[in-house]
Amino acid sequence: MFHHYKLTGLAVAIGAALSTQQALAVTAYETDQDKLTISGRIAAGSSFIDNVDDDHDPTNAGSRIRLIHEHEFEHGWSSVARAEWGFDPFFEHGNDGHYKRMLYAGVRHDDYGTLLIGKQYSLWYDMVAYWTDWFWYNGATAQGSFNGAFGDGGFEGNGRPDNAVSYKNTWGDWSLGLLYQTSRDDVPTGAGYTGNLTGFERDYTAQGAAVWQPTEDLSLGATYTHSAIDGKTAGGGKRSKNVDAGLLAARWTPGNWYFALTGGRYDNLVRDGNFSGVNTTDGIVDEARGVEGVALYNLKGQVPGKVQLYTGFNRLEDRASEARSAFYLAGAAWLTFDENLIIALERKFDDSVDADGASDIGNDETNLLVRYNF
């Protein structure tokens with residue numbers, strides 16, 4: 001059982017979403033050539049973990065706000081500039097906890113492709129890895145996008161890389177992309193790294209992605225990242241901890257169904273804190289492998305909006321021990337009010353194992369999400 005006041009907090013979040021059900025992305029300025037829009041989301045979640053007495057408080061679940069400016073040039077060219085910040089609308093820690101999610105600008109053309117500069121989604125995620133990121137509350141733990149030094153995957157370049165330039169285009173059934181991330185030497189101590197390595201520096205990141213879509217329903221993708229990273233040992237010497245990561249993916253979308261599977265290998269990307277009982281000398285796992293899958297069905301015409309029924313799994317393994325971080329999941333989501341209001345309920349079944357092979361290290365849990373897109 002959980003306390004009434006905790007349900008009240010989540011009810012307030014639901015009420016706030018319902019009270020803005022008519023909200024849409026706001027067009028702040030528009031002419032024949034220019035358009036400035038304001039959009040985002042407010043999201044709250046609550047977790048009910050088995051055998052844990054007090055862990056149900058509603059919490060921010062990825063709320064954000066964005067500004068997007070678009071300009072139409074002649075001869076099919078256009079420009080785009082996007083600024084996006086994450087924030088906590090519930091002031092859980094006494095402030096709004098805002099942070100930069102993205103800040104980029106670029107140009108695009110139907111024939112010549114898209115060129116972006118700044119903090120942006122990686123090609124790893126934007127072209128391939130997001131195929132399995134379809135759970136509303138959980139997920140993305142085994143696909144390599146957000147496993148690095150920062151939660152947003154910005155340092156190694158697999159999530160939302162900073163100081164990056166990317167280019168992508170489509171030729172027939174093929175979509176190809178390249179990304180380059182410049183150097184960075186201001187990684188704070190303790191930003192995901194433990195052990196005897198400190199003072200990390202990124203020399204560069206090079207990334208490529210390719211997607212083949214032979215039919216409307218079937219897509220096959222691959223992406224690879226090399227990030228040249230150096231660190232300092234406790235004695236002051238330098239040590240290379242270059243990241244090499246690769247991901248393969250398949251997606252099939254017949255009718256109202258959606259199926260996707262990704263599998264990857266991650267060298268020097270995953271932290272040992274992702275596993276129970278793993279304790280490396282530098283806090284970084286030499287080799288990890290991950291598999292993520294999702295199956296989803298869109299149920300339409302039964303209620304206002306649509307209902308999604310879905311299931312899937314995540315499995316991230318340390319190749320040097322028995323340790324794995326894994327779960328299976330079943331969920332349902334109701335998307336209504338032009339699919340801007342999402343109410344999702346997920347049941348997660350833990351299947352994690354510690355470094356010695358013991359499996360009783362986690363608890364199953366139930367998650368509730370309420371989100372409104374504006």
J.: As an exercise, state the distance from OG1 of T311 to CZ of F349, rounded to the nearest 0.5 Å.
T.: 8.5 Å
J.: Are S227 and Q181 close enough that a side-chain donor and a side-chain acceptor fall under 3.5 Å?
T.: no
J.: So, R347 and D50, do they make that salt bridge, N to O below 4.0 Å?
T.: yes
J.: Will you find, in the side chains of Y258 and W134, an N or O donor that is under 3.5 Å from an N or O acceptor?
T.: yes
J.: Run R202 and D162 through side-chain contact (heavy atoms from CB on, under 4.5 Å) and show every step you take.
T.: CA-CA 11 Å; R202 180 186 68 224; D162 51 56; 2.8 Å; yes
J.: Indicate yes or no: does D351 engage R324 in a salt bridge with an N to O separation below 4.0 Å.
T.: yes
J.: Starting at CZ of R371, measure out to CG of N340 and round the result to the nearest 0.5 Å.
T.: 9.5 Å
J.: Could you tell me whether the side chains of N298 and Q308 share a donor-acceptor contact shorter than 3.5 Å?
T.: yes
J.: Is a side-chain donor or acceptor of E322 paired with a backbone partner of A358 at a separation under 3.5 angstrom?
T.: no
J.: I'd like to know whether the aromatic ring centres of F337 and Y372 sit less than 6.0 Å apart in this structure.
T.: no
J.: Got more than 12 heavy atoms from elsewhere within 6.0 Å of NE2, H109?
T.: yes
J.: Using only atom types and a distance under 3.5 Å, with no angle test, would you say the side chain of D318 pairs donor to acceptor with the backbone of A288?
T.: no
J.: Is it the case that the side chains of S240 and N242 hold a donor-acceptor pair, with the cut-off being a distance below 3.5 Å and no angle test?
T.: yes
J.: Please determine, by modelled atom types, if Y137 and S47 share a side-chain donor-acceptor pair under 3.5 angstrom.
T.: yes
J.: Is the backbone N or O of L269 less than 3.5 Å from a side-chain atom of R271, with the two atoms forming a donor-acceptor pair by type?
T.: yes
J.: Scan side-chain atoms only and decide if Y99 and R64 contain a donor-acceptor pair under the 3.5 Å cut-off.
T.: no
J.: Between the side chains of E70 and R108, is the shortest nitrogen-to-carboxylate-oxygen separation below 4.0 Å, so that they form an ion pair?
T.: yes
J.: I'd like to know if the side chain of D272 and the backbone of T280 have a donor-acceptor N/O pair within less than 3.5 Å.
T.: yes
J.: Under 4.5 Å between side-chain heavy atoms, hopping through other hydrophobics if needed: is there a path connecting Y297 to W252?
T.: yes
J.: Give a yes or no on this: more than 12 heavy atoms of other residues, nucleotides or ligands lie within 6.0 Å of atom CG of D110.
T.: no
J.: Quick check against the 3.5 Å criterion: does T223 have a side-chain atom that pairs as donor or acceptor with the backbone of G208?
T.: yes
J.: For A326, is there any backbone N or O sitting under 3.5 Å from a side-chain donor or acceptor partner on S352?
T.: yes
J.: Before you tell me yes or no, could you show the steps for Y328 and R315 under side chain to side chain donor-acceptor pair (under 3.5 Å), namely the whole-Å CA-CA distance, both residues' side-chain angles and the distance that decides it to 0.1 Å?
T.: CA-CA 9 Å; Y328 298 93; R315 187 182 180 97; 4.6 Å; no
J.: Do any N or O atoms from the side chain of Q207 and from the backbone of W124 form a donor-acceptor pair under 3.5 angstrom?
T.: yes
J.: Quick one: sort the Y112 and W77 rings into parallel, tilted or perpendicular, breaks at 30° and 60°.
T.: parallel
J.: Answer yes if the ring centres of F73 and H71 are under 6.0 angstrom apart, and no otherwise.
T.: yes
J.: Looking just at side-chain N and O atoms, do E346 and N138 make a donor-acceptor pair shorter than 3.5 Å?
T.: yes
J.: Do L247 and N158 pass the side-chain contact (heavy atoms from CB on, under 4.5 Å) test, and can you show the C-alpha distance, the side-chain angles, and the key distance before you say yes or no?
T.: CA-CA 11 Å; L247 189 73; N158 276 15; over 6 Å; no
J.: Working to the nearest 0.5 Å, report the span between CG of D133 and CD of Q143.
T.: 5.5 Å
J.: Quick check on N95: does its CG atom have over 12 non-hydrogen neighbours (other residues, nucleotides or ligands) under 6.0 Å away?
T.: yes
J.: Report yes or no: does S183 contribute a side-chain atom to a donor-acceptor pair with the main-chain N or O of Y204 at less than 3.5 Å?
T.: no
J.: Let's go through S175 and Q213 carefully: what are the C-alpha distance in whole Å and the side-chain angles of both, what is the deciding distance for side chain to side chain donor-acceptor pair (under 3.5 Å) to 0.1 Å, and is it a yes or a no?
T.: CA-CA 8 Å; S175 296; Q213 188 173 359; over 6 Å; no
J.: Examine distances only and state if a side-chain atom of D96 and a backbone atom of F87 form a donor-acceptor pair shorter than 3.5 Å.
T.: no
J.: Inspect the contact between R160 and D126 and indicate whether a charged nitrogen and a carboxylate oxygen are less than 4.0 angstrom apart.
T.: no
J.: Is there a side-chain contact between F275 and V270 (heavy atoms, below 4.5 Å)?
T.: yes
J.: Looking at K348 and E365, is any side-chain nitrogen of the basic one under 4.0 Å from a carboxylate oxygen of the acidic one?
T.: yes
J.: Okay, side chain of N169, backbone of L176: is any donor-acceptor separation there less than 3.5 Å?
T.: no
J.: Do Y310 and F313 belong to the same hydrophobic cluster, where Ile, Leu, Val, Met, Phe, Trp and Tyr are linked whenever their side-chain heavy atoms lie under 4.5 Å apart, directly or via other members?
T.: no
